[in-house]
Amino acid sequence: MNFQTLMDVIGWPLIKIVILLVPVFTVVAYLVWFERRVLAFFQSRLGPNRVGPLGLLQPVADGLKLLLKEDIVPTNARPFLFKIAPIFVMTPAIAGFAVISWALPWVTPAGNTHGFVVADVDLGILLILALSSLGIFGIILGGWASGSKYPLMGSLRSASQMLAYEIPLTLSILTVILLAGSFRLSDIVAAQQNLGWYFLFPGLIAFGVYLVSAVAESNRTPFDLPEGESEIIGFHTEYSGMRFAFYFVGEYANVVLISVVAASLFMGGYDIPFVKDAALYAAHPNLASVLGVLSFAVKGALFAYFFIWIRATWPRYRYDQLLRVGWVVLLPIALGNLMLVALLKLWLLR
Amino acid sequence: MTEETKEPGTPEAPKAAESAPAPAEKPAAPAAPAAAKPAAPPAPKKWEPTGEVVTTPVTERLAATFGDAVAGVKSSCKEATVLVPKARLVEVLQFLRDDADCAMDYLSDMTGAHYPNNDKKFEVVYHLWSMTHKQSLRVKAQLDDGEACPTAIHVWPGADWMEREAHDLLGIVFLGHPNLKVILLPDDFEGHPLRKEFPLGGAQEEMIRANRYGKPVYLPEDLEEAQKIVEERRHGR
Amino acid sequence: MNAAARFIKMVTFWELIKGMVVTNKYMFKPKVTELYPDVRPVLPYRTKGRLHVEIETCISCRMCEKACPEGCIKVFPPSKEVFKTDKRPAQFYLNQEHCLHCGLCVDPCPTGSIHHSHEYEMVVYNFDDLLFDKETLPYDLDQKQYRWNVLGNVPVKR
Amino acid sequence: MAAEHTGEAFTSPLREVMETKTYELNMGPQHPATHGVYRAILQLDGERVVSMESVLGYLHRGIEKWAEYRTWTQATPIFDRLDYVGAVLNCHGYVGAVEKLLNLEVPKKAQYIRVVLDELQRIANHLLWLGTHALDVGAQSMLFYGIREREAILDLFEAMLGQRLLQNAYPIGGVRFDFPKGWVPVCYRLLEELPKKIDDYETLLTGNRIWVQRTKGVGVISAKDATALSLSGPTLRGSGVNFDVRKAMPYSSYEDFDFEVPLGQNGDVFDRYMCRIREMRQSVRIIRQALDGMPAEGELKGKVGRIIRPPAGEAYYTVEAAKGQLGYYIVSDGAEKPYRLHIKSPSFVNLQGIETMCRGGLIADVVANIGSLDIVLGEVDR
């Protein structure tokens, strides 16, 4: 086992993981700040502006506060399950970032290229879907293990909500895969590049279904019933301190993950709009990949802004209406769309 | 509460003491009413409303059907008031609601009152309103201490909580009320606060107000004592 | 016709988007937050802040003491002979702790010596600092820090 | 899916097949959606409410007992603490009752000033109700828009009455002061701006399909039940019963102004919401007419001595408060202190309707129903 294989097997992935995790955690932390500021600006108020210039140190302050707060385990809670539940929410959300390819490979002067992705798994999208359904387990376990009635209600609600929205989410992604022909994210982006325009236009209905079910998947308004603040306060009522921070980070990591996946599936990922990427990459590769990451970030931020915009405006669905929208409305549309796109592709190919 | 406006003792004090408003030694007092003559306090005055009896189409209709059982009550501000014997109370209320030209289909308010000096100690008061004829009427019934009053919940379901409140605060028992439980007071509260002999502060409040740092909040009349108390409060801790 | 219009509206989330346009409109409008400790609010003339008492003009007639529902004011008039020359009270206690800021004591005061100021920062660490006597009665803190407002008219001295 | 309201408690079809027990959930007294310290003990079958029982008294301060130990003028500030978001209307109720007992004629100018301030307080109350009700149903920004407009009104109160919330607005007999110098133009500007802002709220909520699904057919109470339960105010008018104290027994020269009384059709949360929204627009009309028709000069206060001793007797005076019909039953025995004072508080009586509204609905409907009743616990517990 000489040094070179050791590096390839363990070294490079570890470095890539570190390179990936540091920005992901800062992006998640600053998404919290971004949401509170943008939400405040929607509501004609200023939002956090006392901690640091424009409140930029607010996430640091929140993190520190949650770190120092005592995280209580309630008496009639199941202690072991209560402690491990938040982990089940955060790790899948963070792990999902591994398979996303952020840009075209980086060419070092020595000639070897390093892909902008931690693990370019050929079944990338499937892995993300599997991981996101693992996240539900954390919510249900946490709600049930808290031992009190309100979190139990929250966890039961989130169980049925996830079931209702898992299938439309998968079907809408299937339509994109049908169009792209491969599960690997970099292939999907490459397919959109040589198709000429983004999958947003052929798969518009799939895009709509994806957005709605993604919002439901990440428990955000108008589907934030598991944590309906004004009704049953949510599954993380009994959590405090760092454990609550896990849930909090998990939820916002989910939002970032969904925005990023939406950007790469429907808006062409790191493809720089109105620019011939292949030619630019051939000319000076590193600039193209940096610009690619930037355009990816802008698209992701656009989606995050859209989610916050929805949260500021729309009221919350009731529990049975939420399930009705999932099963009765979204499922047929997603299936019909899949059939439509399949026929379209068949007709085009022939 | 200043000394003279608040009666720490039972407000049962005879009326004469109540009407001596200003303390004697106030120098530039406005012309104090000439009440404060040290005569023997008169017998506790019964409470009777002044003014004259107001007759409206509704009271005439009632007099026609119930004869002299329903007596008009004097009112100083032109309000139709009717006194009904307790025995026929529900019958009158039912008639008022169902009769075509009374049509009192809205119970605006139902409450009780405690008159310790009158011969009949308690009074139950119903304020009714007719949506169609746009008339209002006050029906009163007098009860003795401890006497039960028939419930009006079958006539107007809205009276449910009002009766529970009257029972809670005044101790009037309503016969036939489905769950005459305590509504506004804690379950283990004994005594009925709105009765005249119930002290204003009640046991707890005196204790609470007095024992903030264990010192009385109100200052006595004469100057030196008050200054001593204030000094001690300020620097005694 | 309106069935088709309704269908299009339903499919394109039309009224939901109209709602979002409204919230976005306020996104770019000026914000209403007042940055309190740095920017002092401008109070109109009639604001009923903390009670101020001008001991010099008080003729210890105890009208305010009788009018107060909470019994916060306690006036001790001077002895008889002193009263002939100098009407000011020997001692004046004001218990700010129970004060409702209702203004019932200001109405009957013949000389307007007890009146509301614009002071609203009345936080203290223990209750007894709220019991003011003649010396510690707050009077005419520098009114500059409470700017007068264009809405207020001339203070009426009865 | 409209919740069907059978007379007896709702029994789910599954009950015969598998024997399930109802699940008792304590909503309150510390709960974000109960608008104060109100506690509801819900018997739940899954998410569906089988039966509901209210527990009150957490904010009982004994205001009626307190008033018996104060003179007539000293008692006015305590009634602001009843419905602390509609303090001017409470004060108007009490002061009107005493004036009725004294047979005192309030001068015309004072009556007009009272109408202007009452309607401003009604709009401020409805704005806060709209904000908290929409927040409970999920529309977060509505709360801040409602409170932003309400601040403009509270500034007007501070300039005119001296305080923003608990103003001790009216002395017995009329009004203390006239409007300050710059007040009326500022009020006119506000009257132009308010209808535009209410249109914004309607685009945000009334058309919104999620809002409609959350409120239409929820918490239905029929006109007959509403009258029988003595509900009042927008809660009663939402079921279509035309009873508004300003029209039924006009007081303080309300008969001079023309305004409609908005009515609902089927008494659900949406109709009560629409009633209050239209009521805000009507209040703007009333204020404009009152400010235009205000007599230029005139007495501000009727002839009333410093110590008030009404003749022995009793009086019942009702006012259309923001929550409903607020009544004061006062008994005087000739002394300068009230002998007995009973407050008919609309929130206390309206809260009786919550049990019929919530039976058969979901927990989210209980939250929407409490919001649509617009209760304030200070007034419920007195």
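Below, chain A is the first sequence line, B the second, and so on; all start at residue 1.
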Visitor: So which part of D/Arg214 gets closer than 4.5 Å to some heavy atom of chain A, the side chain, the backbone, both or neither?
Guide: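 Both backbone and side chain.
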Visitor: Taking A/Arg318 first and then A/Asp320, would you say they form a salt bridge - that is, a charged N and a carboxylate O separated by under 4.0 Å?
Guide: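 Salt bridge present between A/Arg318 and A/Asp320.
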Visitor: Go through the atoms of D/Val137 and report whether side chain, backbone, both or neither lie under 4.5 Å from a heavy atom of chain A.
Guide: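 It is both, since atoms from each part get that close.
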Visitor: Between A/Phe246 and A/Tyr239, is the ring centre distance below 6.0 Å?
Guide: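 Centroid separation for A/Phe246 and A/Tyr239: 6.0 Å or greater.
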Visitor: Top residue by heavy-atom pair count (under 4.5 Å) with chain D, among A/Trp314, A/Tyr150, A/Tyr319, A/Phe42?
Guide: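 The answer is A/Tyr150.
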Visitor: Can you see whether D/Ser54 engages D/Glu355 through a side-chain donor-acceptor pair at a distance of less than 3.5 angstrom?
Guide: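 Result is yes, a qualifying pair exists.
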Visitor: Do D/Glu379 and D/Ser347 have a side chain donor and acceptor closer than 3.5 Å?
Guide: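 A pair is found: one side chain offers a donor N or O, the other an acceptor, under 3.5 Å apart.
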Visitor: What part of D/Asn208 gets closer than 4.5 Å to chain A, counting heavy atoms only: side chain, backbone, both or neither?
Guide: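 The side chain, not the backbone.
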Visitor: Given that the side chain runs from C-beta out, which part of A/Leu156 has a heavy atom under 4.5 Å from chain D: side chain, backbone, both or neither?
Guide: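 No part of A/Leu156 comes within 4.5 Å of chain D.
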Visitor: Is D/Met27 close to chain A through its backbone or its side chain, or both, or neither, when contacts mean heavy atoms under 4.5 Å?
Guide: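 Both backbone and side chain of D/Met27 come within 4.5 Å of chain A.
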Visitor: Sort D/Leu135 into side chain, backbone, both or neither according to what part of it lies under 4.5 angstrom from a heavy atom of chain A.
Guide: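 The backbone, not the side chain.
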Visitor: When the ring planes of A/Phe307 and A/Phe303 are compared, do they come out parallel, tilted or perpendicular, using 30° and 60° as the limits?
Guide: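 Tilted, since the angle between the ring planes falls between 30° and 60°.
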Visitor: Side chain, backbone, both or neither: which part of A/Leu322 has a heavy atom under 4.5 Å from chain D?
Guide: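 Contact with chain D is absent: no heavy atom of A/Leu322 under 4.5 Å.
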Visitor: Return the orientation label for the A/Phe223 and A/Tyr317 ring planes: parallel under 30°, perpendicular over 60°, tilted otherwise.
Guide: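 Judged by the thresholds at 30° and 60°, the geometry between A/Phe223 and A/Tyr317 is parallel.
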